[in-house]
Amino acid sequence: MYEEIIKLSLSGCAVKDYGNLKFEDLPDDEPFGSTKRPRAVGLANKQVADAVQRVKNDGHTCVMLGGDHSLAIGSIHGHAACRPELKVVWVDAHADINTPLTSPTGNIHGQPMSYLIHELCAKIPHMPSFSWIKPCIAAKDIVYIGLRDVDPEEHYILKHLGIKTFSMTEVDSLGIAKVMEQTCDYISSKIKNPIHLSYDIDALDPSVAPATGTPVIGGLTYREGIYITEYLCQTGLLSAIDLVEVNPKQAKREEEVHWTANAAVDLVLGCFGRVREGSHAADYKIPDP
């Protein structure tokens, strides 16, 4: 985090560090049905929501560094409390739109979008520590980029709700420039709404960012991943950013931590206008078997 702060400051950005959030450990957090750790995740997201709302009320662009992608529940909820007209660009290998009733794993980091979407409100059971969460975005306000590992239930939800998606197949066929052009035409063709970018590092190919919990081969290249942030920066509409799922414990060797951390730093810098000249692109190599 401090590397990002320093580099943002050097690039001319005024940076205010709101500090780290300390989440309570709940050893007796029993599953709710198949959903794991609902109390801890619900309380943690309430802290995130309050923190993001504080940043937005102070008039700043908010950067939330995770943690797993379940923290986007609080991040988007807190953002929407201040800017209810926001649009969400979700960059991820996974859709993360299972409901507690459809999730094959019970992991809330595979479910965050379902708690936030108005059209799925009736599908969400009343869970402990989740009563504060109210749906705050519509299906039409979301664009996915980079999908390549989607559960059958999620595929049905995406199609049923008509959510705009760009899978890796479409990234390959259209090219990332056309994907971003169509994304921004879709979310802000008439009204210039604020954009919430929720970026899972596993959207990038594991050869670029291997230190993450659920890597999926065939992902975005370094250049494609950075281009997304550069394009959204140029709109002038980026209002909040999540960068999640960087996990050094998942690295097999030290250089994989280095590659993943550098990619994460460059993604954040791209969101704030850092030109790619002199970036770390040469540091990314396909790991040996």
Side-chain angles (χ1 to χ4, degrees), residues 21 23 29 31-53 62-81 86-139 141-147 149-151 153-155 157-158 161 163-165 195-203 212-214 216 240-247:
L21 298 179
F23 300 139
D29 194 1
F32 181 86
S34 64
T35 302
K36 301 170 185 174
R37 305 189 68 198
R39 296 161 190 84
V41 177
L43 291 173
N45 271 290
K46 183 63 169 68
Q47 288 180 250
V48 173
D50 291 344
V52 170
Q53 191 167 351
C62 181
V63 179
M64 189 275 289
L65 303 175
D68 71 40
H69 220 161
S70 67
L71 295 175
I73 299 171
S75 181
I76 294 174
H77 200 283
H79 190 185
L86 67 85
K87 306 290 185 178
V88 176
V89 177
W90 190 278
V91 184
D92 201 330
H94 312 89
D96 292 349
I97 200 171
N98 271 303
T99 72
L101 303 178
T102 67
S103 172
T105 65
N107 294 323
I108 299 179
H109 63 75
Q111 307 172 25
M113 288 296 283
S114 70
Y115 298 93
L116 299 167
I117 298 173
H118 292 292
E119 291 90 338
L120 289 176
C121 181
K123 306 296 182 182
I124 306 300
H126 297 286
M127 298 202 310
S129 300
F130 274 69
S131 60
W132 63 273
I133 299 172
K134 309 299 179 187
C136 55
I137 54 175
D141 295 331
I142 304 162
V143 177
Y144 279 95
I145 300 172
L147 295 180
D149 186 12
V150 179
D151 294 330
E153 296 85 356
E154 293 180 302
H155 182 78
I157 292 170
L158 292 170
L161 297 183
I163 294 176
K164 186 73 169 174
T165 64
I195 296 173
H196 187 113
L197 172 62
S198 200
Y199 207 126
D200 189 323
I201 199 74
D202 72 26
T212 188
T214 51
V216 185
I241 299 125
D242 309 326
L243 183 62
V244 299
E245 300 284 357
V246 175
N247 189 348

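- Within the 4.5 Å cutoff, the side chain of Pro100 has heavy atoms near those of the Gln111 side chain.
- For the pair Phe130 and Pro38, the tightest heavy-atom approach, listed with the atom from each and the gap, is CE1-O, 3.0 Å.
- Here Ser103 contributes atom OG and Lys36 contributes atom NZ; the two are 8.0 Å apart, rounded to the nearest 0.5 Å.
- Checked options Ile241, Val52, Leu86; the residue passing with His196 is Leu86 (criterion: side-chain contact (heavy atoms from CB on, under 4.5 Å)).
- The shortest side-chain heavy-atom distance between Val41 and His109 does not fall under the 4.5 Å cut-off.
- Side-chain contact between Ile97 and Trp90 is absent, with no heavy atoms from C-beta onward closer than 4.5 Å.
- Applying the salt bridge (Lys or Arg N to Asp or Glu O under 4.0 Å) criterion to Lys46, with sequence neighbours excluded, gives Asp50.
- Here the closest non-hydrogen pair linking Met113 and Ala95 is CG-O, 4.0 Å.
- With Ile108 as reference, Ile73 is the one residue of Ile73, Asn45, Asp68, Leu71 to meet the side-chain contact (heavy atoms from CB on, under 4.5 Å) rule.
- For the pair His77 and Lys134, the minimum side-chain heavy-atom distance is below 4.5 Å.
- Side-chain contact between Ile133 and Ile124 is absent, with no heavy-atom pair separated by less than 4.5 Å.
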Practice task
Show your working on side-chain contact (heavy atoms from CB on, under 4.5 Å) between Ile142 and Lys164 and close with a plain yes or no.
Solution key: CA-CA 7 Å; Ile142 304 162; Lys164 186 73 169 174; over 6 Å; no

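- Residue Arg37 qualifies as open at atom CZ: its count of foreign heavy atoms under 6.0 Å is 12 or below.
- The shortest side-chain heavy-atom distance between Pro125 and Phe32 falls under the 4.5 Å cut-off.
- Between Lys123 atom NZ and Ile117 atom CD1 the span is 13.5 Å, to the nearest 0.5 Å.
- Under the 4.5 Å side-chain criterion, counting only non-hydrogen atoms from C-beta, Leu147 is in contact with Leu158.
- Put simply, the side chain of Asp96 never gets that close to the backbone of Pro112: no donor and acceptor are under 3.5 Å apart.
- Applying the side chain to side chain donor-acceptor pair (under 3.5 Å) rule to His94 yields the partners Asp92, Asp149, Asp202; only residues at least two apart in sequence or on another chain are considered.
- In this structure the side chain of Val63 never reaches within 4.5 angstrom of the side chain of Leu243, judged on heavy atoms.
- Looking at residues two or more places apart in sequence or on another chain, you find no side chain to side chain donor-acceptor pair (under 3.5 Å) involving Asn247.
- Side-chain atoms of Trp132 never come within 3.5 Å of backbone atoms of Leu43 as a donor-acceptor pair (strictly under, hydrogens ignored).
- Checking side-chain atoms of Asp242 against main-chain N and O of Ala72 turns up no donor-acceptor pair under 3.5 Å.
- Going from atom OH of Tyr144 over to atom CD of Glu154 covers 7.0 Å, rounded to the nearest 0.5 Å.
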Practice task
Decide side-chain contact (heavy atoms from CB on, under 4.5 Å) for Val246 and Leu65; before the verdict, give the C-alpha distance in whole Å, the side-chain angles of both, and the deciding distance to 0.1 Å.
Solution key: CA-CA 9 Å; Val246 175; Leu65 303 175; over 6 Å; no

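- When all heavy atoms of Ile195 and His79 are compared, the pair lying nearest together is O-CE1, 4.2 Å.
- Asn98 and Ser114 get closest at one heavy-atom pair: O-OG, 2.9 Å.
- Contact record, Glu245 with His69: OE2-N, 2.9 Å, taken as the closest heavy-atom pair.
- Shown here for His118 and Cys136, the closest heavy-atom pair between the two residues is NE2-C, 3.6 Å.
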